[in-house]
A.B. asks: 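The structure that follows is given in the form of structure tokens.
Excluded from the calculations below are hydrogen atoms, water molecules and symmetry mates; all remaining heavy atoms, backbone and side chain alike, are included. Protein chains get the first letters and strands the later ones, always in sequence-line order, with residue 1 at the start of each.
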Amino acid sequence: MSALENLTAEGKELLRRDQVWPFLMPKQQAVDVSHQVILYVEGLNLSFDGFKALNDLNLYINDGELRCLIGANGAGKTTLMDVITGKTQCDSGTVYFGQNHNLLERSEPEIAELGIGRKFQKPTVFEAHTVFDNLELSLKTNKGVMPTLLARLTPTQLDRIDQVLEIIGLKEQRFMLAGALSHGQKQWLEIGMLLVSEPRLLLIDEPVAGMTAQETERTAELLTSLAGEHTVIVVEHDMEFVRSIARTVTVLHQGSVLAEGTMDQVQNNKDVIEVYLGEEA
Amino acid sequence: MKRYLALCCCLLSLWLNPALNSVYAETDTGKTSTGETTTASSPHIQQLLTELTQKSLNKAVPVLEKLEQSGGEAMLPLFRTMLDGNLYFIKANRQVISVTKAESGKAFANVFTGEPLPEFTKKQIKKIRVNNRLRGYLRDAIARIQLSSSDPAAREKAVRNLLSDLDPSTIEAIQSARVNESNTAVQEMMDLALAMHKLTNAALAVDQLEAIEALSGSLESEVRNLLARVSESENYEPAVNKAAASALVKIQDKVEFYAFIDQLFFGLSLGSVLLLAAIGLAITFGVMGVINMAHGEMIMLGAYTTYVVQLMLPNHIEYSLWLAIPLAFIVSGLMGVLIERGVIRFLHGRPLETLLATFGISLILQQLVRTIFSPLNRQVASPEWMSGSIEINPVLSLTLNRLYILAFALLVFFLLQLILKKTSLGLNVRAVSQNRNMARAMGVRSDWVDAMTFGLGSGIAGIAGVALSQLTNVGPNLGQAYIIDSFMVVVFGGVGNLLGTLVAAFSLGIANKFLEPVTGAVLASILVLVFIILFIQKRPKGLFPQKGRAAE
Amino acid sequence: MSQSLSSIARFSASDLFKGKGQPGGRVAPFVAILLAVTVLASAANLLLPESSPFYVSTYTITLLGKYLSYAMLALAVDVIWGYCGILSLGHGAFFALGGYAMGMYLMRQIGDRGVYGHPELPDFMVFLDWSELPWYWLGMDQFWFAMLMVLAVPGLLAYIFGWLAFRSRVTGVYLSIMTQALTYALLLAFFRNEMGFGGNNGLTDFKDILGFDLQSDTTRVALFAITALMLALTFITSHWIMQSRLGKVVVAIRDGEARARFLGYRTDNFKVWLFVYSAMIAAIAGALYVPQVGIINPGEFSPINSIEIVIWVAVGGRGTLIGAIVGALLVNYAKTRFTAIMPDGWLFALGALFVLVTLFLPKGLVGVYDQLKAHFAQPQSKSDESSTPHQESAKEASV
Amino acid sequence: MKIKKLVSGMALAMGASMVSYGALAADTIKVGVLHSLSGTMAISETTLKDTVLMMVEEQNKKGGLLGKQLEAVVVDPASNWPLFAEKARELLTKDKVDVIFGGWTSVSRKSVLPVIEELNGLMFYPVQYEGEESSKNVFYTGAAPNQQAIPAVDYLMNELGVERWVLAGTDYVYPRTTNKILEAYLKAKGVADSDIMINYTPFGHSDWQSIVSDVKKFGSKGKKTAVVSTINGDANVPFYKELGNQGISSEDIPVVAFSVGEEELSGIDTKPLVGHLAAWNYFQSVDSEANEAFITNWKAFIGNPKRVTNDPMEATYIGFNMWTQAVKKAGTTDVDAVEQAMIGQKSPNLTGGVAVMNKNHHLSKPVLIGEIQDDGQFEVVWETEGVVAGDAWSDFLPGSKDLISDWTSPIKCGNYNTVTRTCSGQNF
């Protein structure tokens with residue numbers, strides 16, 4: 001009897017007119033940043049075989065901010081990025097993009113579609129494709145199967161690619177295979193791929209590794225110019241570089257936030273000094 | 001690569017030549033026991049024996065019956081020789097003799113005394129043929145005679161053989177033997193026989209009930225059949241019917257329990273075969289990430305090694321396996337090292353291409369074996385100690401070869417665990433499997449480790465081949481039959497995890513055996529395959545996945 | 001600007017037939033040769049007298065038809081392996097399923113001309129005492145329905161398998177082994193007589209197709225010609241797909257699936273789509289194969305067959321459509337010749353071929369040809385090389 | 001553009017090499033041999049290829065046929081069933097052979113059948129099979145079910161008093177059909193349903209524990225039980241081993257097999273098999289002059305004194321002899337003439353007596369039951385009195401009991417329905 005009641009109750013619930021069925025609910029909603037915060041990371045825990053990669057990590061990133069993450073190897077920087085972009089499942093905690101998008105429920109492509117772009121530690125470009133194709137694939141378009149099959153480049157998109165090619169300085173190499181590029185050029189191409197996809201939030205893992213001083217400078221310029229319109233999170237070991245771009249720096253240690261503030265504040269923080277005693281900071 | 005192949009061809013053929021030259025001869029197993037010449041030489045018996053040589057197959061039974069009656073225990077050697085198919089007669093004087101195979105051709109002997117006789121040519125003697133009916137009779141007759149045997153096991157067996165055919169004369173014999181019987185097991189068996197007789201022949205219901213009481217709990221199939229007949233028969237009083245039925249139910253419960261154990265054993269046994277076949281693969285695939293499609297052929301090589309060993313030592317079949325195990329390990333292991341050095345090391349980090357290349361190698365090896373040993377299956381004998389079964393009770397008997405193989409599989413597994421955990425090779429292997437570059441930086445010779453790992457995996461496959469040669473055909477297709485199953489086991493268990501392989505092998509084996517009675521053998525294997533396919537979708541890394549960053 | 005525009009437009013249909021240097025450049029000549037050979041061979045069979053030195057026997061026509069359906073099968077494997085990096089060791093299953101669907105139609109066409117003269121049941125069902133047609137045989141007497149099934153059944157199987165596998169990220173070696181398990185399970189299943197597909201004997205003794213006698217030369221030539229046409233068609237379609245952005249995404253998935261995912265491509269959907277497409281080509285190949293060889297049985301499901309297809313592709317050159325076709329034709333031709341000359345040697349040769357191709361010719365014969373061409377072309381112009389990146393990219397094969 | 005040349009060159013080469021075969025002088029009589037020389041069936045079929053070659057050689061020594069030499073054309077269908085059809089077509093159209101000896105498995109025969117009928121070839125099929133077929137162009141010199149299975153069951157029933165039956169087979173058409181026939185036959189003899197157990201296993205089945213244990217249980221019900229085995233090839237060894245290990249001896253539960261012959265036994269440790277039975281039309285151990293000569297010739301031809309002979313070899317031998325006689329009688333190798341001449345041909349069996357080719361293209365042959373001995377040979381324990389005529393259509397199957405085959409006028413039909421008086425399913 002009670003089963004029947006349950007069933008009718010469930011049925012009623014199912015037929016409520018004031019609610020849309022979950023699977024009919026449009027997934028793509030604009031990111032709600034009414035509180036000025038674009039990324040909420042709260043209470044994140046993750047362990048691999050007993051090793052705590054993330055330990056009750058809390059992090060808030062404001063909309064339009066340029067944030068640097070620093071920390072020793074194994075501090076959890078890359079793992080954090082993996083969790084945000086959906087590559088790794090965490091054990092507990094929440095990650096929200098704006099106020100309305102729970103990232104933990106979404107797959108990598110969905111997260112990418114929301115406007116979170118990522119550059120990997122090791123430059124990852126499609127080596128069998130030309131520079132141009134790499135950028136074309138990164139364009140912000142409908143990325144369903146059929147639209148992709150029938151896709152044609154529009155003049156606007158072309159302009160955008162040309163523009164980005166200009167920015168990353170690979171105009172000459174547009175028809176070269178990405179696999180034939182130098183390490184630094186690959187870094188640039190990957191950044192270009194990020195740019196062309198016009199993300200809200202950029203996660204950039206070690207952007208200047210393998211770059212010349214001049215290139216590093218240009219990267220710094222580029223990243224600072226991006227902030228404001230986009231939100232940028234940079235992971236970097238090169239303290240010089242961090243100093244040159246950072247407004248706010250977060251120090252991770254053993255999977256949780258050790259300190260946060262401007263570069264100077266962080267450098268004078270007692271805990272940080274204790275942890276990094278004898279190191280360059 | 002070609003050089004290696006040529007080399008291995010040479011090795012194999014070198015091996016084979018002396019083997020082919022030595023003549024295969026069976027060991028002399030059928031020894032004729034001595035008998036009493038006095039009875040045997042009595043004219044009456046002589047006449048019967050002559051009669052035996054003249055009768056056709058189907059008319060020999062009455063003659064044998066007369067022989068049994070008049071000869072008694074003295075006829076034992078005759079019956080045994082006849083049962084083994086070694087009874088011949090000399091055409092000239094119709095005298096029966098025993099002819100057995102010996103190392104140098106044939107041995108001729110007096111049936112009763114075992115005295116050696118001069119040689120006869122093939123034309124001079126003729127075999128006394130036996131067929132199944134005669135064999136059946138002979139076996140019973142031997143059993144009857146053996147009621148007074150000195151070996152209690154023989155006596156027990158003799159009584160059991162008689163259960164199916166309890167006529168008054170046998171009952172009489174059993175009754176008289178019972179009086180002097182001292183062994184409890186034989187006593188019980190005899191009591192059982194007497195109780196069965198009582199149940200069928202007693203006139204009073206009380207006696208019948210008493211007999212049922214004595215019979216309940218026995219697992220002998222004859223008892224069950226009798227009880228089943230009694231429970232339905234109208235010749236008995238209802239109370240007897242009922243008692244028989246309830247006794248039957250009790251027995252049935254027991255039987256079902258043992259059937260379950262039996263099935264479990266079948267499952268474990270199949271699992272042990274799977275484990276043996278898969279464990280080598282778990283090393284090459286799991287530790288090195290190499291898809292070795294030629295793994296099955298490593299098993300095949302092991303099996304052929306057993307064959308060659310037996311061919312070379314035809315008189316030591318009993319010990320051949322002990323020699324075959326290390327040799328098979330070496331042969332398959334060397335072949336594995338050859339493959340690794342010749343092909344696989346050039347394909348590092350390209351697992352799918354190792355798959356293609358090793359598939360090619362498997363074709364070559366198969367054809368090689370076909371060319372050298374012929375495409376026909378080869379004959380590998382089972383040593384005596386692996387034949388037969390341990391009879392725990394009449395409904396549960398565990399076949400010895402399966403039991404040995406189960407134990408052997410576990411032994412190999414633990415040895416392997418030990419090697420990987422406790423030796424420096426194991427340490428190196430684990431280091432390389434976890435981080436090749438790091439290990440190399442630490443001074444581990446990863447080349448060497450790879451070759452050794454592959455050799456180890458292949459060598460173990462060779463050992464598996466020795467075990468499989470005791471269960472199935474030794475032929476060029478032997479490996480093919482196991483390769484897919486092996487992959488399933490490794491993938492199901494979780495790559496890079498030996499314990500996973502163990503658990504997977506046994507659970508698949510048991511699942512298969514419990515499904516089989518319900519669905520039939522074909523559907524059972526299909527269902528298991530489909531299950532694994534679905535399982536892998538759910539847990540792509542198998543039962544025991546490797547965790548952490550190293551797994552990426 | 002205009003420069004890049006033209007580079008975008010380079011995949012329009014008209015360009016298919018005039019491209020130079022790019023793999024697209026191989027489409028037109030290949031299709032032309034294929035069709036020309038087809039027309040000539042057909043004409044030589046139908047119009048010339050048997051005594052003429054140029055007469056092509058029906059045996060040859062059937063043989064060519066078989067090769068072409070194998071080529072189509074190789075094409076299917078190449079699409080999924082060469083371009084997407086998914087090594088399927090179970091494509092024989094889709095081929096066989098397509099074949100079975102066609103076989104069922106042909107069985108139904110026999111009607112009451114079977115040996116038992118039963119109006120509806122195929123012979124094997126009569127002697128297994130089946131009283132009526134199993135449900136899955138219903139409708140198979142209609143050609144359109146059977147053709148629908150040729151596509152639908154393998155397509156659906158590929159969809160379900162692909163959806164399950166790709167969604168849970170079963171990749172690489174695992175996937176290959178799973179596809180092998182799939183075809184092995186089907187092999188066992190189709191061997192079962194209870195399945196109602198004729199067990200070990202399979203389906204055979206076909207009489208006619210769409211009312212045309214299968215034994216007549218004209219029908220055989222027509223089947224051959226249709227196979228050639230379908231091969232050309234699937235070749236052009238596959239080429240078009242691989243040149244579209246979808247093709248680029250597919251290659252991108254092959255080389256960096258995680259990256260593609262972070263770019264917002266639902267890679268599992270792409271993979272499933274391509275897997276289904278590839279399975280359907282294999283199925284069409286199977287459906288064309290069956291009426292030409294006259295029998296379909298579970299042997300086609302055997303895992304060895306599927307692996308052999310892979311080697312055709314590897315020999316020809318994976319990641320190039322033309323390579324798959326050339327590989328299939330060459331290996332099969334070699335097989336026909338070799339097994340006649342020295343049956344024992346064939347397995348040695350085939351085995352050695354596997355090993356040597358993977359070791360020394362990772363790009364197959366087409367790769368060798370391109371290398372040679374590049375070698376001779378080098379002195380002339382360097383710009384030529386840089387303007388043909390697609391060719392390089394297409395045959396680049398890392399798995 | 002070079003690829004174009006390559007492709008066109010290849011196409012030309014292919015075309016040319018195929019065309020050039022067509023016209024070869026026909027001053028010999030060509031005998032096609034269509035047996036697998038590679039693949040899974042090579043084990044069994046290679047022997048038959050050699051047998052045909054031996055027969056051809058002997059015939060040529062005798063001066064050939066119709067004043068011409070015989071020439072064997074050997075092709076390898078590689079155990080691949082579609083390839084059988086292709087190679088048959090090749091033999092008939094390219095090599096223009098006058099007769100084909102070939103096939104082993106049913107599926108290979110089924111695959112070849114449409115081609116042979118289309119091109120009006122002539123084929124001799126030398127292996128025991130399930131029956132239910134009679135083609136104008138095929139002569140079946142192996143046993144039909146009534147020449148193997150039914151006599152074997154008769155023997156078990158009458159001589160050994162078997163009451164319970166296990167019909168175990170590999171899951172393909174021959175065991176299926178044979179078991180269907182046997183089941184119907186047993187029931188007609190009054191055997192109850194509960195006394196028949198039918199079991200099918202896949203090809204190459206190697207784990208027989210459960211099935212053997214079931215057989216053991218089935219056999220422990222107090223009635224004499226026997227296993228009628230149509231288990232194929234490779235699966236037999238593990239089956240018999242398991243029987244032996246679980247303590248089932250041939251006296252308890254005898255197994256009579258239809259697919260285990262001398263050749264198969266040569267790869268088996270026969271100890272556990274001794275006493276089990278097989279039913280064939282021929283055993284190597286049969287003591288007759290013709291057989292002794294045949295065995296001597298065979299061993300000399302093959303150059304191996306240990307090689308054995310078996311039933312399909314005898315079937316090939318009889319088929320070949322009958323064909324030469326029929327060609328002589330017809331005076332030509334023309335298929336239609338030879339086909340008519342074949343009917344009624346007599347040829348001595350190797351085991352004594354005379355085989356006769358019947359109107360239904362099947363032979364009349366004696367049936368022998370043999371017990372396996374420890375030397376891998378059979379000891380004949382029973383044989384039919386006189387010969388048994390092969391029956392193309394079983395009388396025990398509902399679908400085929402009204403069918404007969406008669407290739408003489410006026411019926412001239414492979415499956416003539418005696419009730420409706422119609423002929424159906426012919427391909428010519």
A.B. asks: Indicate yes or no: at least one non-hydrogen side-chain atom of B/Gln367 is less than 4.5 angstrom from one of C/Leu350.
C.D. replies: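 The answer is no; the side chains never approach within 4.5 Å.
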A.B. asks: Please identify, among C/Phe191, C/Phe354, C/Tyr184, C/Phe161, the residue contributing the most non-hydrogen atom pairs under 4.5 Å to chain B.
C.D. replies: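 Of C/Phe191, C/Phe354, C/Tyr184, C/Phe161, C/Phe354 has the most heavy-atom pairs under 4.5 Å with chain B.
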A.B. asks: Is any side-chain heavy atom of C/Val173 closer than 4.5 Å to one of B/Leu355?
C.D. replies: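 Side chain of B/Leu355 against side chain of C/Val173, heavy atoms only: no contact under 4.5 Å found.
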A.B. asks: Side chain, backbone, both or neither: which part of B/Ile484 has a non-hydrogen atom closer than 4.5 Å to chain C?
C.D. replies: side chain
A.B. asks: Are B/Phe359 and C/Val310 side-chain neighbours, meaning at least one heavy-atom pair lies under 4.5 Å?
C.D. replies: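 No. Closest side-chain heavy atoms not under 4.5 Å.
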A.B. asks: Side chain from CB out, backbone as N, CA, C, O: work out which of these in C/Phe348 comes under 4.5 Å of a heavy atom of chain B, or both, or neither.
C.D. replies: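 Answer is both: backbone and side chain atoms of C/Phe348 are under 4.5 Å from chain B.
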A.B. asks: Which heavy-atom pair separates C/Arg192 from B/Ile526 by the least distance, and what is that distance?
C.D. replies: CD-CD1, 3.9 Å
A.B. asks: Does C/Thr358 reach the side chain of B/Arg350, with side-chain heavy atoms less than 4.5 Å apart?
C.D. replies: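 Sidechains of B/Arg350 and C/Thr358: no contact.
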A.B. asks: Is the shortest side-chain heavy-atom distance between B/Lys538 and C/Leu164 below 4.5 Å?
C.D. replies: no
A.B. asks: Checking C/Leu182 against chain B: side chain, backbone, both or neither under 4.5 Å from a heavy atom?
C.D. replies: both
A.B. asks: So which part of B/Arg370 gets closer than 4.5 Å to some heavy atom of chain C, the side chain, the backbone, both or neither?
C.D. replies: side chain
A.B. asks: Can you tell which of C/Ile304, C/Ile311, C/Leu353, C/Leu356 has the highest number of heavy-atom pairs within less than 4.5 Å of chain B?
C.D. replies: C/Ile304
A.B. asks: Looking at C/Ile177, C/Leu186, C/Leu187, which one has more heavy-atom pairs under 4.5 Å with chain B than the rest?
C.D. replies: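 Heavy-atom pairs under 4.5 Å are most numerous for C/Ile177.
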A.B. asks: Write down the atom of C/Leu188, the atom of B/Ser525, and the distance for their closest heavy-atom approach.
C.D. replies: CD1-OG, 3.9 Å
A.B. asks: Which answer fits B/Gln480, side chain, backbone, both or neither, if we ask what part of it has an atom under 4.5 Å from a heavy atom of chain C?
C.D. replies: side chain
A.B. asks: Taking B/Val530, B/Leu523, B/Thr354, B/Val528 one by one, which has the highest count of heavy-atom pairs under 4.5 Å against chain C?
C.D. replies: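 Among the listed options, the one with the most contacts to chain C is B/Leu523.
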A.B. asks: If you round to the nearest 0.5 Å, how far is CD1 of C/Ile160 from CD1 of B/Ile533?
C.D. replies: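 Between B/Ile533 CD1 and C/Ile160 CD1, I get 12.0 Å after rounding to 0.5 Å.
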A.B. asks: For residues C/Ser168 and B/Pro540, report the shortest heavy-atom separation together with the two atoms involved.
C.D. replies: O-CG, 3.0 Å
A.B. asks: Give the member of B/Ile532, B/Thr358, B/Leu527, B/Val491 that has the highest number of heavy-atom pairs under 4.5 Å with chain C.
C.D. replies: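 If we count pairs closer than 4.5 Å to chain C, B/Val491 comes out on top.
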A.B. asks: Below 4.5 Å, heavy atoms only, C-beta onward: do B/Glu353 and C/Leu359 meet side chain to side chain?
C.D. replies: no
A.B. asks: Should we say atom OH of C/Tyr159 is surrounded by more than 12 heavy atoms from elsewhere, each under 6.0 Å from it?
C.D. replies: no
A.B. asks: What pair of heavy atoms forms the shortest contact from C/Ala181 to B/Met488, and how long is it?
C.D. replies: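 Smallest interatomic distance, heavy atoms only, reads CB-CE, 3.2 Å.
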